[in-house]
Structures are given as C-alpha cells and as structure tokens.
2 protein chains.
Amino acid sequence: MNDTNAMPAIHTVVALFTIRERLEFLRLDAERGRLPVGALLPGEGLEACARRALWTATGIEDVFLEQLYTFDGEQAGAQAIVAYYALAPCERLPIRRPGVGWADPAEVTTLLAEEHQIIVQRACERLAGKLEYAPIAYQFLAERFTLGELQAVYEIIGRQALDKRNFRRRMHASAHLVETRDVRRNGPHRPARLYRLRDTQPAVAG
Amino acid sequence: MNDTNAMPAIHTVVALFTIRERLEFLRLDAERGRLPVGALLPGEGLEACARRALWTATGIEDVFLEQLYTFDGEQAGAQAIVAYYALAPCERLPIRRPGVGWADPAEVTTLLAEEHQIIVQRACERLAGKLEYAPIAYQFLAERFTLGELQAVYEIIGRQALDKRNFRRRMHASAHLVETRDVRRNGPHRPARLYRLRDTQPAVAG
DNA sequence: ACAAAAGTGTTTTCACTACACCCATGG
DNA sequence: CCATGGGTGTAGTGAAAACACTTTTGT
C-alpha cells in the first residue's frame, strides 16, 4: 500500500450527518480526527465504495447518500478523493464502537484533519441550500414523525428559528406530507399527529 | 495505454457551452461524437487536467470551469470520470480545427457517444438551475454587454421568454451590474447602454 | 392547577406579473 | 420616413411574514 507505481488509487470520503438536539457528523478518533475513507476496489462503483467505507468504519448501512464534490488527492496520496455526504436519523445509528463518535460541525477546525474540514463545511452549506427545494429534511426523521420534529430539523439545518404557523402552512402546501391516523403521546402535553413522507422518489442525485 | 495493471486512470471530461443564437456545446467529430477528455497525469490537479483536455482538443484557454459530477469509469476503461462544464462567450472561441464544432444540446442522443450524453444533459439542467441564484449568465458575454444581450442569455438558458421591463428591474436590483458611460451603436435603432459585471468573485464552485 | 408542546387565522407586506408606448438611430 | 431594438412606470395579484391564543395532556 505504498510506492509501487505513482499514486494508485481513488478514495471516497463520507461525512455522515445526523440530528440529536444539534446537527452532528460522524468522526473517527484516529489521528487528529478523520472521516471514514475507502479506497476504490477494481470493478467497484464509487457510491458502493463510499457505502463500504461507512459500513467498515461504523457498521451503518442503508443511509441516504449523495455525492458532494471531487477533490485533488495529492495530499492524501491518492489521485482523487470523491466526497459524499450521508444523512440518517439518529435512532438508526447504533454506534457502539471505540474510536467512533459524533462531533459538532462548528468545531471542525479543532476536531478534524485539515483535508476533511472542507468536506464537512461544504456539506453543511449544501444541506442548508438544498433544504429549500429538496425533501432532504425527512432523511433525519423516522418513517413517521410529527410536524414539531420536522420543524426542528429545518431550524437546525437552516440555523434560524421559524414561525410555527407559517411553517405548517408551507409543509402542508408542499405535498410531501401524508397525514396518518395516529398520534404520538410524548409528555405532559397534547399528543402530536404523525405524518409520513409521500412515497415518491425522495430525491435525485446531482 | 492499455492493460498494464487493471484500470490505471482518472479521466476528466469537459462540456464547453457557448451561446450563438442558441445554446451550443463543443463536440469532437471522432467516433459517434465525443466531448474533450483528458487522462490525469501524475501530480496534475483535476481542474488543470480538464483545462488541458479542453486546450489540447481546441486551443481554448481561460474559460469559466466548474465541476459537474463524478461518474463511475468502467465503461470508459477508467476508475472514475470527473465531468466539468465550461462557459465562454463565442467571440473568445476561435475554433478553426477540423473535427471540432458546435452542436445543439437537444440532439445529444444522435450526436454524442452514450456515456457523454448524460454530461451535456445534466450540465444544461445545472445551468438552468444556477441561473436563478448565481451570476453565470455573464460568462457567456463579453466584458461589456447590453441588457438586451443579457436578457437573451437568460431566455436561452432558461428556455422561456421574459418580460423586458421586469427583467431590467430584476437585474438592476441584483447589484451585479455596473453601468458604464458608454453605449453601443449597433444597427438602425437607439444605441444600447453598456454594462459590466461588478468585480466581486463571480461564482463559487460546488 | 399548572407546565409544556400541539394546533389554529388574519392582516400586512413585498416581490413578481402583466401590460403599451415613446426614443434614438441607420438606411 | 420607416423599420428596428432600446428604454421606461403602474396596477394587480399571490406568496411569505408577523403576530397570540386555545387545546390536550402528564404530573
């Protein structure tokens, strides 16, 4: 795995995000802190490589995954680094491995190797931008969710508080929501109606 | 340049667009029709490789260039294909080479090898999308231009006619325009005021 | 009873649309 | 003088913003 013949490989890197109170990304403790990386195998697709990288590091499967950007690979000893971002609700992420944990994107400069900082930053920007026109917020929620939960996702990714009534009007108008018959009782307050995402294809890569 | 050791290389592909009456892309006659392709050299950056590919095929330099998407490279005999799109005003493109010409994006299916069709299509979509929030239209114009020319670019990329007065209001409000003192006399009608792009960085990759 | 989140309408504001005429020039 | 594209303002409409109270529950 070194100087056989110039730089041999393409790497994929994955920034996995979830929301637990705040937006967090998955970080490996190694060195200064790193994102999961995979080396492309012969015959392997890029996205498959990214999923494998994530699975190898964490055991996580079946997350929403989208290409972010492709970087020069010099400093990492590769020809190119294809970066992805992944989204998943925190309940689906049973991370109980040493050296794997969550971190705050605002602290990438102290928590992450330099080459990987830009990936987390750009992913956050992309997320905030896409929030407006693509149904990515639902990727952070379970199959059924309340409007309060959905609003929290929008507020956290968009980094600003939203008006509850305007938000609900907007969501109902968006035609992504399907109301279910059930409610969730969750504490000392009125139960919340549960919704699910209308089952058209949730997003298109690109 | 063949089977020494599995698939050795990363390729870059460039779809160069310009506007001459219509939106057109640069096409090489070879085979069914191809886009300029470059193989990444050791130590070379991806964007540099894309620029070199374009330069080698056409002699064109110094165009606006932005990454589009990275594809699996199997069918092209590469590990990955990093696609770029480039924009330039047609005056700056002195193409007088055999086997190099312009083509209509609407006819990619007949004019272009299958692997390259998707690149032109996605680039067109990205262009139409970015038009709304990024100052890419100016990349098709000379340094100084008229509002009529600018509107034509918007109409061609956005594929719809626009109201002249609303368009001008919108552009003036956008703060990208700087009015110059000069006008252009161009035919049997009133001369048109010339504008230039306000000199902040024109766009950010991503 | 009270604390805590769920749920609900109306008014205002602002950006976008539609729309028609005069201006300056070259031939 | 006429054909051609350059240039201008106003009224209407629809989407988003601002804003406060009642409902239902667990403790």
Side-chain angles (χ1 to χ4, degrees), chain A residues 19-22 128-135 137-138 140-142 144-196, chain B residues 19-22 128-135 137-138 140-142 144-196:
Chain A
I19 290 183
R20 313 185 307 175
E21 313 290 316
R22 304 274 163 250
K130 264 198 125 153
L131 194 62
E132 313 285 318
Y133 64 92
Y138 307 95
F140 291 103
L141 298 171
R144 303 200 306 169
F145 51 86
T146 69
L147 289 181
E149 292 167 342
L150 185 59
Q151 182 172 349
V153 172
Y154 272 81
E155 290 180 330
I156 289 167
I157 298 179
R159 294 169 163 278
Q160 63 174 339
L162 299 172
D163 179 87
K164 200 202 298 189
R165 283 166 291 188
N166 294 337
F167 177 79
R168 291 162 111 89
R169 214 194 336 275
R170 186 152 63 97
M171 290 303 109
H172 279 118
S174 78
H176 288 305
L177 287 182
V178 179
E179 188 171 327
T180 72
R181 286 182 180 179
D182 304 323
V183 295
R184 175 184 301 159
R185 9 192 116 246
N186 204 20
H189 53 78
R190 181 170 170 175
R193 172 123 275 134
L194 289 170
Y195 293 81
R196 60 177 179 80
Chain B
I19 290 183
R20 315 185 306 174
E21 313 289 316
R22 305 271 163 253
K130 265 198 121 152
L131 194 61
E132 313 284 320
Y133 65 93
Y138 306 95
F140 291 103
L141 298 171
R144 302 201 306 169
F145 51 86
T146 69
L147 289 180
E149 291 167 343
L150 185 61
Q151 183 172 349
V153 172
Y154 272 81
E155 289 180 332
I156 289 167
I157 298 179
R159 293 169 164 279
Q160 65 173 338
L162 299 173
D163 179 86
K164 200 202 298 189
R165 284 166 292 189
N166 294 337
F167 177 78
R168 292 161 110 89
R169 214 194 333 275
R170 185 152 62 98
M171 290 301 109
H172 279 118
S174 78
H176 288 306
L177 287 182
V178 179
E179 189 171 326
T180 71
R181 286 182 179 179
D182 304 323
V183 293
R184 174 184 301 159
R185 8 193 118 245
N186 205 22
H189 53 78
R190 180 170 170 176
R193 173 124 273 134
L194 289 170
Y195 293 80
R196 60 178 179 80

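Note that these values count all heavy atoms, side chains included, but never hydrogens, waters or copies made by symmetry. Treat the numbers as computed from the prediction; the structure is a model and nothing was measured.
Counting atom types as modelled, A/R165 pairs no side-chain N or O with a base atom of C/dA6 as donor and acceptor under 3.5 Å. For C/dA18, its base sits under 3.5 Å from the side chain of B/N166 at one donor and acceptor pair at least. No N or O donor and acceptor, one from the side chain of B/D163 and one from the base of C/dC16, sit under 3.5 Å apart.
Atom P of nucleotide D/dT25 and atom CZ of A/R193 are separated by 12 Å, given to the nearest angstrom. Atom NE2 in B/H172 sits roughly 12 Å away from atom P in D/dG9 (whole-Å rounding). Atom NE2 in B/H189 sits roughly 11 Å away from atom P in D/dT4 (whole-Å rounding). At whole-Å resolution of the value, CD in B/E132 and P in C/dC16 are 10 Å apart. Taking atom CE of B/M171 as the reference point, atom P of C/dA15 lies 15 Å away to the nearest angstrom. The separation between B/D182 atom CG and D/dG6 atom P is 17 Å, rounded to whole Å. We find that CZ of B/F167 is positioned 17 Å from C1' of C/dA15, with the value rounded to whole Å. For B/R190 and D/dT4, the CZ to P distance is 18 Å, given to the nearest whole Å.
Using a 4.0 Å heavy-atom distance criterion, B/R168 is classed as a base contact. B/R185 comes within 4.0 angstrom of sugar-phosphate atoms only, judged by non-hydrogen atoms across all strands, and of no base. Using a 4.0 Å heavy-atom distance criterion, A/R169 is classed as a base contact.
Minimum interatomic distance between B/E155 and B/L162 (heavy atoms only, all atoms of both residues): OE2-N, 2.8 Å.
Summary of the strand contacts: A/P188 and A/K164 both lie near DNA chain D, and taking for each the nucleotide with the nearest heavy atom, the more 5' one is attributed to A/K164. With DNA chain D read from its 5' end, the first of the two nearest nucleotides for A/N186 and B/L194 is the one closest to B/L194.
Note on ring orientation: taking the six-membered ring where Trp is involved, the planes of B/Y154 and B/F167 are perpendicular (angle over 60°, cut-offs 30° and 60°).
Across residues 146-161 of chain B, not one residue has a non-hydrogen atom less than 4.0 Å from an atom of DNA chain C.
Side-chain contact check for A/Y138 versus A/V153: every heavy-atom pair is 4.5 Å or farther apart. By the 4.5 Å heavy-atom criterion applied to side chains, A/R193 and A/E179 are counted as neighbours.
When atom types are taken as modelled, the side chain of B/T146 and the backbone of B/L194 share no donor-acceptor pair closer than 3.5 angstrom.
B/E149 has a carboxylate O that lies under 4.0 Å from a charged side-chain N of B/R184, or vice versa, which qualifies the two as a salt bridge.
Taking the six-membered ring wherever Trp is involved, the centroid distance between the rings of B/Y195 and B/H176 does not fall below 6.0 Å.
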